[in-house]
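Predicted model, so just to flag it, every value in this text is computed and none were measured. We count ligands from 1, going down the list as the structure has it; atoms in each ligand are counted the same way.
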Amino acid sequence: MSKQPDRLFAQPLEQVPDFVFNEDVVQVFPDMIKRSVPGYPTIVENLGVLAARFAQPGSALYDLGASLGAVTQALRRHVRADGCRVIAVDNSAAMVERCRQYLTAQDSMFQELLPVQVLEADILALPFEPASVVAMNFTLQFVAPEQRLDLLARIRQALLPGGALILSEKLRFTDAQEQELLNELHLDFKRANGYSELEIAQKRSAIENVMKPDTLETHEARLRAAGFSKVVPWFQCLNFASLIALP
Ligand SMILES: C[S@@+](CC[C@H](N)C(=O)[O-])C[C@H]1O[C@@H](n2cnc3c(N)ncnc32)[C@H](O)[C@@H]1O
Ligand SMILES: O=C(O)C(=O)C[C@]1(C(=O)O)C=C[C@@H](O)C=C1
């Protein structure tokens, strides 16, 4: 399982294709997400800690858009409730294949980890089992905006009383000055992590058609419309945030 530095956008491309979670991205993904998302390691580790408070014995814990299973691994490290199991879901075959390898490696290193099932499936078409924790770490932003409410409503229906959805997303801002400042600071974060201006510009063109961030206000209103009673932001670093939504 080679982990390579992300140089995907380092050379000038004649035409920058839309971003897809393919084998090339899988190879560099741990490096890419850490250097692109401010606060990512803190969010992932604390997601496990938060989940431990909401996990209920005998229930399912979902990691939706699991990629290589970083959140799944944190859930397995922190949740101790009896009889829980983690269901990690991603619709990228390349991600799922590598995710399974990472989880097998985790199994060989630790004992008494929660059982895990990795599904190659579209979360928009997945029937959810009753769940105490649903984590969506930077996944909803890749779902078509018109399909987000329906997905969240189905998650809300699957959540057990006392459970939680933990939703992390890149944010945009209605206030132009706030948007500009946090966007510039995010670019500075990428520069500080060694990305060149070319890499930053080409990555931006690659994701602009496929990743559509919402404002915090849009998230809150939509979560309420989906039936959640309370939305608690627990983390923000620059334009990236994570929310706890309670049924
Ligand atoms: C930014 S990555 C998520 C990162 C990951 N949760 C983590 O914390 O490391 C988004 C993932 O969502 C997956 N994805 C996007 N749309 C999906 C869908 N409709 N069904 C399942 N997975 C989806 C992508 O394949 C990709 O692996
Ligand atoms: O906003 C950006 O520029 C990003 O690179 C963000 C982001 C994300 O939020 O998921 C986009 C795609 C990659 O999966 C890694 C990071």
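Residue contacts with ligand 2, taken as heavy atom pairs separated by less than 4.0 Å, involve Gln141 solely via side-chain atoms from C-beta onward. Here Val37 has side-chain heavy atoms under 4.0 Å from ligand 2, and that is the only part of it that gets that close.
Pairing each heavy atom of Pro213 with each of Arg172, the nearest pair is O-NE, 3.0 Å.
Between atom CZ of residue Arg204 and atom CZ of residue Phe19 there is a gap of 15.5 Å, rounded to the nearest 0.5 Å.
Taking every heavy atom of Tyr40 and a limit of under 4.0 angstrom, the matching atoms of ligand 1 come to 7 (C), 8 (O), 9 (O). Every atom of ligand 2 is numbered from 1 in the order shown, and the set under 4.0 Å from a heavy atom of Ser36 is 5 (O), 16 (C). Atom numbering of ligand 2 starts at 1 in the shown order; those under 4.0 Å from a heavy atom of Phe21 are 14 (O). Close contacts between ligand 1 and Ser92 involve ligand atoms 25 (O) [criterion: under 4.0 Å to a heavy atom]. Per-residue contacts place Val71 under 4.0 angstrom from the following atoms of ligand 1 (heavy atoms of the residue considered): 8 (O). Against a heavy-atom cut-off of under 4.0 Å, Ala121 is close to the following atoms of ligand 1: 20 (N), 21 (C). Remark: ligand 2 atoms within the under-4.0 Å shell around heavy atoms of Ile207 are 1 (O), 2 (C), 3 (O), 4 (C). Counting the atoms of ligand 2 from 1 in the order shown, those under 4.0 Å from a heavy atom of Phe29 are 14 (O). Atoms of ligand 2 found under 4.0 Å from any heavy atom of Phe240 (numbered from 1 in listed order, with element): 1 (O), 9 (O).
Nearest protein neighbour of atom 11 (C) of ligand 2, counting heavy atoms only, is Met211 SD, 3.7 Å. Of all protein heavy atoms, the one closest to atom 2 (S) of ligand 1 is Ser67 OG, 3.2 Å. Taking atom 5 (O) of ligand 2 as the reference point, the nearest protein heavy-atom neighbour is Lys203 NZ, 2.8 Å. The nearest heavy-atom contact from the protein to atom 19 (N) of ligand 1 is Asp122 OD1, 2.9 Å. For atom 25 (O) of ligand 1, the closest non-hydrogen atom on the protein side is Asp90 OD1, 2.5 Å. Regarding atom 1 (C) of ligand 1, its nearest protein heavy-atom neighbour is Phe138 O, 3.2 Å. Here the heavy atom of the protein found nearest to atom 8 (O) of ligand 1 is Asn137 ND2, 2.9 Å. With respect to atom 20 (N) of ligand 1, the closest heavy atom belonging to the protein is Ile123 N, 3.0 Å. Distance from atom 5 (C) of ligand 1 to its nearest protein heavy atom, with residue and atom name: Gly65 O, 3.5 Å.
Not less than 6.0 angstrom separates the ring centroid of Phe235 from the ring centroid of Phe240.
For Glu184, the CD atom counts as densely surrounded, since its 6.0 Å shell holds more than 12 non-hydrogen atoms of other residues, nucleotides or ligands. Within 6.0 Å of CD in Glu146 there are more than 12 heavy atoms belonging to other residues, nucleotides or ligands.
The shortest N or O to N or O distance between His186 and ligand 2 is not under 3.5 Å. Inclusion of Val89 in the set of residues having an N or O under 3.5 Å from an N or O of ligand 1 is not warranted. Inclusion of Gln141 in the set of residues having an N or O under 3.5 Å from an N or O of ligand 1 is not warranted. On a distance-only criterion, Met95 and ligand 1 share no N/O pair closer than 3.5 Å. Here's the thing with Asn91: one of its N/O atoms is less than 3.5 angstrom from an N/O atom of ligand 1.
Using the six-membered ring where Trp is involved, His186 and Phe189 have ring planes that are parallel, under 30° apart on the 30 and 60° scheme.
Ionic pairing of Glu197 and Arg191 is present here: one or more N-O contacts between side-chain nitrogen and carboxylate oxygen are shorter than 4.0 angstrom.
For the residues Lys170, Arg35, Lys190, the heavy atom positioned nearest atom 4 (C) of ligand 2 is part of Lys190.
Both tests hold for Arg35 against Tyr195: distance to the six-membered ring centre under 6.0 Å, angle to the ring axis within 45°.
A distance-only check finds a donor-acceptor pair linking the side chain of Asp31 to the backbone of Asp6 [under 3.5 Å].
Judged as a ring-ring contact (aromatic ring centres under 6.0 Å, His included), and not counting sequence neighbours, the contacts of Tyr62 are Phe128.
For the residue pair Asp18/Asn209, the side-chain donor-acceptor check at 3.5 Å is satisfied.
Proximity of Leu103 to Gln106: side-chain heavy atoms (C-beta onward) are separated by under 4.5 Å at one or more points. Between Arg76 and Asp107, some side-chain heavy-atom pair lies under the 4.5 Å cut-off.
Identified under the salt bridge (charged side-chain N to carboxylate O under 4.0 Å, His left out) test for residues 36-52, with sequence neighbours left out: Glu45-Arg77.
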Exercise. Using the side-chain contact (heavy atoms from CB on, under 4.5 Å) rule, take Leu159 and Val133 through it: C-alpha gap first, then chi angles, then the decisive distance, then the call.
Key: CA-CA 7 Å; Leu159 269 183; Val133 173; over 6 Å; no
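The side-chain hydrogen bond (donor to acceptor under 3.5 Å, both in side chains) with Asp63 is formed by just one residue from the set Thr72, Asn137, Thr139; it is Thr72.
Residue contacts with ligand 1 include Thr139, since one of its heavy atoms falls under 4.0 Å from the ligand.
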